[in-house]
Structures are given as structure tokens and as C-alpha cells.
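Just so you know, these numbers use all the heavy atoms, side chains as well, and skip hydrogens, waters and symmetry mates. Order of the sequence lines fixes the chain letters, A, B, ..., with proteins taken first and strands second; residue numbering starts at 1 for each chain. Keep in mind the model is a prediction, meaning the values are calculated, not measured.
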Protein chains: 2
Amino acid sequence: MALRHAVLAALLEGEASGYELSKRFDIGVANFWSATPQQLYRELERLDDAGLVNVVVVEQRRRPNKRVFSISDAGLDELYAFTTQPTRPPAMRDGLLVKVQALDAGDADAVTKALGERLAHAQGKLARYDRLRDRLLAGRSEAEYVRASERIGPYLTLMGGRMFEQQSMRWITAVLEILAVRSGRGQAVTAHPGGGRT
Amino acid sequence: MALRHAVLAALLEGEASGYELSKRFDIGVANFWSATPQQLYRELERLDDAGLVNVVVVEQRRRPNKRVFSISDAGLDELYAFTTQPTRPPAMRDGLLVKVQALDAGDADAVTKALGERLAHAQGKLARYDRLRDRLLAGRSEAEYVRASERIGPYLTLMGGRMFEQQSMRWITAVLEILAVRSGRGQAVTAHPGGGRT
DNA sequence: AACTCCATGTAACATGTTACATGATTCG
DNA sequence: CGAATCATGTAACATGTTACATGGAGTT
């Protein structure tokens, strides 16, 4: 049930509508959890039913009404309790890794292309994280920020996100180099056994 | 449908029973995909139905019979096709990150403890990966291995796994240091707003 | 006129988790 | 004698994905 707690944690940063949350949890932006809009709308219903969030309907002039959610006292208790509960280590589930694992029986050019795309994606995410970091630090050094700021959680997960993307980039770069070496090596690429399908 | 292709990719390393596969895909070992035994048994049924694997029932003397699976020609075609298909960037979903994000409203000691446990877990995985790497290299240098070995996919994902765990360890270490600085800072920990639940 | 943004949802499906059940064998 | 390992599964549930639907406002 970690989606539930991820939503509560996100609401610590301030109240939000489902739509606003769906942007914070967008896969291309999220640094501590990601979820689709549909998951969020469903979960927000449940959180409301469980009394873990407060809801206010905000009527808007030239826009559809929105329901603005904030964390309730019961929600804060629930979130506190969550931090004391065990969590399992995360599962590796990345299609790109499967492609790389299957490289020898797959289309090496296609995998190389996919690696390049992932590299660009990581670069984009990193740039966003860096902008966010600059905004958080607001001119202060990290040491200053760490001492002075009220909250530290968001900064720490942001750092995690940055390091993760940098790490991805290093891995992809290393893989691409190795693939370049191998494609330039005497031995040609072995034709794929099926010989072309249909 | 990446589980399907992960299983096919795993079978490139040789035939296996469901039970054997479940060990390769164990969350504490897997370096390119993880899955529970139940998922694997279900998926192997489907792969069999779709003709993507060959199945041989091996009768054993003092053991229950086992069904040994290997990738079929159709399976190789399917896997090849998969390497040309787009995959989405992976979703961040780690309960530990949620805890860290919620640190300021949570139990800092419990989160610190969880970070320590994750650090140990990462260390263990790294050690396993290192042993696997030594076995793969079999005394050769990486450069030699890259030039000479038939397959490269498994080595590359292994490298990915190693780098990922090292990266996790660096992040956790940095977080623990920052938390140590903050807990030693003038300002005491703010009591949690709910004040104790129930 | 077409497209994107705001704002919400439903329905159907695919995937992943947890608990349980069975039964022999080997290890300490 | 109890625990771990080998080997397979079923059932129920929780979570996540995809496609679609609605409708006004602003933008090109």
C-alpha cells in the first residue's frame, strides 16, 4: 500500500487537486514515486473514504470545479506509522534491461537506439532535477541548506533522483562503448536464428 | 508484457524448470528483472500455450518430476521482435524513498534504521554480483572478455546491477551523513503532530 | 479548424502479491 | 525431530495500465 503513503507524502508539500498531483507523480518528473492519473483519482477516493485527507471543492469561474485535497491529522498519523513499517527492497523492472540481456539474440541496432533514447531521457530528467535543486537551495550552499531548512525529505529524494539519473547515464555510456567495440570487432553479427518472421 | 520477454531472455542462458527460474528471478538476486515464483509458473503456462517454449518432463527418482523449459524458435523470434519494440522508462517505486520524502513528518530513527538495512542489503547484492562477475571473467580482463565472449548481454546487465547497488550505497551514505548533521543541530526534532495514535 | 490545457472520471484488462496446500528428501 | 530444499501449483486480492469519455478555454 505504498501508493497511499506516497500520496500523503506528496501532500506534505501542500494541498493539491488530483490533476496537480498527477503532474507531480508523472513518470517523467517523479523523483520518489510515480503513478498515473487514474491511480491517483482512485487512491484519492479511498483516502477520502478513510478520512486521511481533507477535501474542499473549489468552484472556479471559467474552469471546471476542482477538489483540493490536503492531508488530515489522521493522515499524518498514518504517514508517521508508515515510516516505522518495514518496506521490501524494490523490484528491478526495466524493459531496457531485458533488451540488453537479450541483446545477443536481438536486434543490436534497435537496442543501441533504445539506449540512446534512454540516455536523452535521463539527461532531460537530470536537467529538471537540477533546476529544482537550484530553486530549493535559493543561492545557499548545500551545507547551509541542510542546517537551516525546515524540511529535508524532498531534498534527499531529489538528490536520489539526480544520482540515479547520473548513474543511468554512466551505465548507458559504458554499454554503448562496449557495443561499439564489439561491432567493430572481426566477428560479424550473427543472423538471428528465425531468419525473419512471417 | 515484459515479464514474458524477461523469461525468454533468461532461457537464453539455458533450459530451466520453473523452480530454477524462480531463483534466477528472486528479488535478492535478479539483475535485470525480478518476479515471484507464482508469476513465473503462470507465465510459463502462457508461454507454453503460445508455443514460445519447449517443455520436457523430466522424471526424477527421489524428487518430484520437473518440467524443463527451453526457448523455442518461435520464442527466439518473439524475443528478437521485442528488442525492436519501444519500452517505457521505468517507474520509480521504492517505499524507502517514500519514507525519506516523509521524513519530516515521520519517525526519523525508524527511517535511519531502514536506510541502514537497505545499505546492508545493497552490500550483499553487490558481493553476489562481484562473485558472478569473477566467474564470468574467469581470469580475463574486461577488455579481453568484451572482445572474446560469445554473449555480452548478461555481462552488461550484471554491470548495470553492480553500478546500481554502488550508487544506492553512495546515496544512502550521503543521506545518513546529512541526517547525522541535522540531528546534532541546535533545533530538536519536532514532535509528530498527531501526538501518538489511538 | 485543430490542438493543447484544465479537470474529472469509468471500464476493462494486465500484472504483481500473499497466503495457502502438497509431499518427498536431505541436513544437522 | 525439525528445518530447509526440491518442485509444483490454486485462489483471492491489490496494484498498475490503457483506452475512452466529457467539455469549456485559450492558442496557432
Side-chain angles (χ1 to χ4, degrees), chain A residues 1-7 15-30 33-50 53 55-69 82 85-95 98, chain B residues 1-7 15-30 33-50 53 55-69 82 85-95 98:
Chain A
M1 284 210 285
L3 171 58
R4 148 163 302 193
H5 302 104
V7 171
E15 55 173 34
S17 67
Y19 185 77
E20 283 160 355
L21 279 175
S22 78
K23 282 188 293 181
R24 295 191 199 165
F25 280 98
D26 186 281
I27 201 170
V29 186
W33 196 270
S34 77
T36 61
Q38 289 65 25
Q39 279 181 277
L40 293 170
Y41 283 115
R42 200 164 48 177
E43 196 60 40
L44 285 167
E45 281 305 321
R46 290 176 192 163
L47 285 166
D48 188 16
D49 291 347
V53 292
V55 192
V56 178
V57 176
V58 174
E59 308 223 356
Q60 299 188 113
R61 281 159 240 175
R62 311 167 163 282
R63 288 264 163 235
N65 294 347
K66 59 177 170 181
R67 294 185 301 154
V68 173
F69 299 88
F82 171 74
Q85 290 302 118
T87 45
R88 343 164 258 253
M92 276 261 161
R93 273 186 205 120
D94 183 347
V98 177
Chain B
M1 285 208 288
L3 171 58
R4 150 162 299 191
H5 301 104
V7 172
E15 56 173 34
S17 68
Y19 184 79
E20 283 160 354
L21 279 175
S22 78
K23 282 187 294 181
R24 296 190 199 167
F25 280 98
D26 185 280
I27 202 170
V29 186
W33 194 270
S34 77
T36 62
Q38 289 66 26
Q39 278 181 280
L40 292 171
Y41 283 115
R42 199 163 50 178
E43 195 61 39
L44 286 167
E45 280 306 320
R46 290 177 192 162
L47 284 165
D48 187 18
D49 291 347
V53 292
V55 191
V56 178
V57 175
V58 175
E59 310 223 356
Q60 299 187 111
R61 281 158 243 174
R62 312 166 163 281
R63 287 265 161 235
N65 293 348
K66 58 179 172 180
R67 295 185 301 152
V68 172
F69 299 88
F82 170 74
Q85 290 302 118
T87 44
R88 344 163 257 255
M92 277 261 160
R93 270 182 208 125
D94 182 348
V98 177

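- Between the base of C:dG16 and the side chain of B:R93 there is no donor-acceptor pair shorter than 3.5 Å.
- With rounding to whole Å, A:L40 atom CG is found 14 Å from D:dT15 atom P.
- Put simply, the side chain of A:R93 does not reach to within 4.5 Å of the side chain of B:R93, judged on heavy atoms.
- To the nearest 0.5 Å, the span separating CG on B:L44 from OG on B:S17 amounts to 9.0 Å.
- Residue B:P37 is the one, among B:R88 and B:P37, whose nearest nucleotide of DNA chain D lies closer to the 5' end (criterion: closest heavy atom).
- Side-chain atoms of A:Q38 and base atoms of C:dG9 include a donor and an acceptor less than 3.5 Å apart.
- For A:R67 and C:dG9, a side-chain-to-base donor-acceptor distance below 3.5 Å is absent, hydrogens and geometry of angles not being considered.
- Residue A:T36 has no polar side-chain atom (N or O) positioned under 4.0 Å from OP1 or OP2 of D:dT18.
- Of all heavy-atom pairs spanning B:T87 and B:F82, the tightest one is CG2-CZ, 4.1 Å.
- In this structure, B:L47 CG and B:E45 CD are separated by 9.5 Å, a value rounded to the nearest 0.5 Å.
- Following rounding to the nearest Å, A:N65 (CG) and D:dG24 (C1') show an atom-to-atom distance of 12 Å.
- Rounded to whole Å, the distance from CG on A:L44 to P on C:dT8 is 9 Å.
- D:dA14 atom C1' lies 18 Å from atom CD of A:E45, rounded to whole Å.
- Of the candidates C:dG16, D:dA7, D:dG16, the closest approach to any side-chain atom of A:R42 belongs to D:dG16.
- In terms of phosphate contacts, A:Y19 brings a side-chain nitrogen or oxygen within less than 4.0 Å of OP1 or OP2 of C:dC6.
- Distances shown here put a side-chain N or O of B:Y41 below 4.0 Å from the OP1 or OP2 atom of D:dT8.
- When the P atom of D:dT8 is taken as reference, atom CG of B:D48 falls 13 Å away, rounded to whole Å.
- The shortest distance between the side-chain N/O atoms of A:K23 and the OP1/OP2 oxygens of C:dC6 is below 4.0 Å.
- Atom C1' of nucleotide C:dG9 and atom CZ of A:R46 are separated by 15 Å, given to the nearest angstrom.
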For a side chain to side chain contact (heavy atoms under 4.5 Å, CB included) check, start with the C-alpha distance between B:L40 and B:F25, then their side-chain angles and the critical distance, and finish with the verdict. CA-CA 9 Å; B:L40 292 171; B:F25 280 98; 3.9 Å; yes
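- A straight line from CD of A:E43 to C1' of D:dA14 spans 10 Å, rounded to a whole angstrom.
- Regarding contacts with the backbone of D:dG16, a side-chain N or O of A:Q39 is found under 4.0 angstrom from either OP1 or OP2.
- Toward the 5′ end of DNA chain D lies the nearest nucleotide of B:G18, the other residue of the pair B:G18 and A:A35 mapping further downstream.
- Salt bridge status for B:R46 with B:E43: present, with a side-chain N to carboxylate O gap under 4.0 Å.
- With rounding to whole Å, B:W33 atom CH2 is found 11 Å from C:dG16 atom C1'.
- Heavy atoms of A:S17 sit under 4.0 angstrom from primed sugar atoms or phosphate atoms, though from no base atom.
- The nucleotide whose nearest atom lies closest to any side-chain atom of B:K66 is, among D:dT8, D:dG9, D:dT18, D:dT8.
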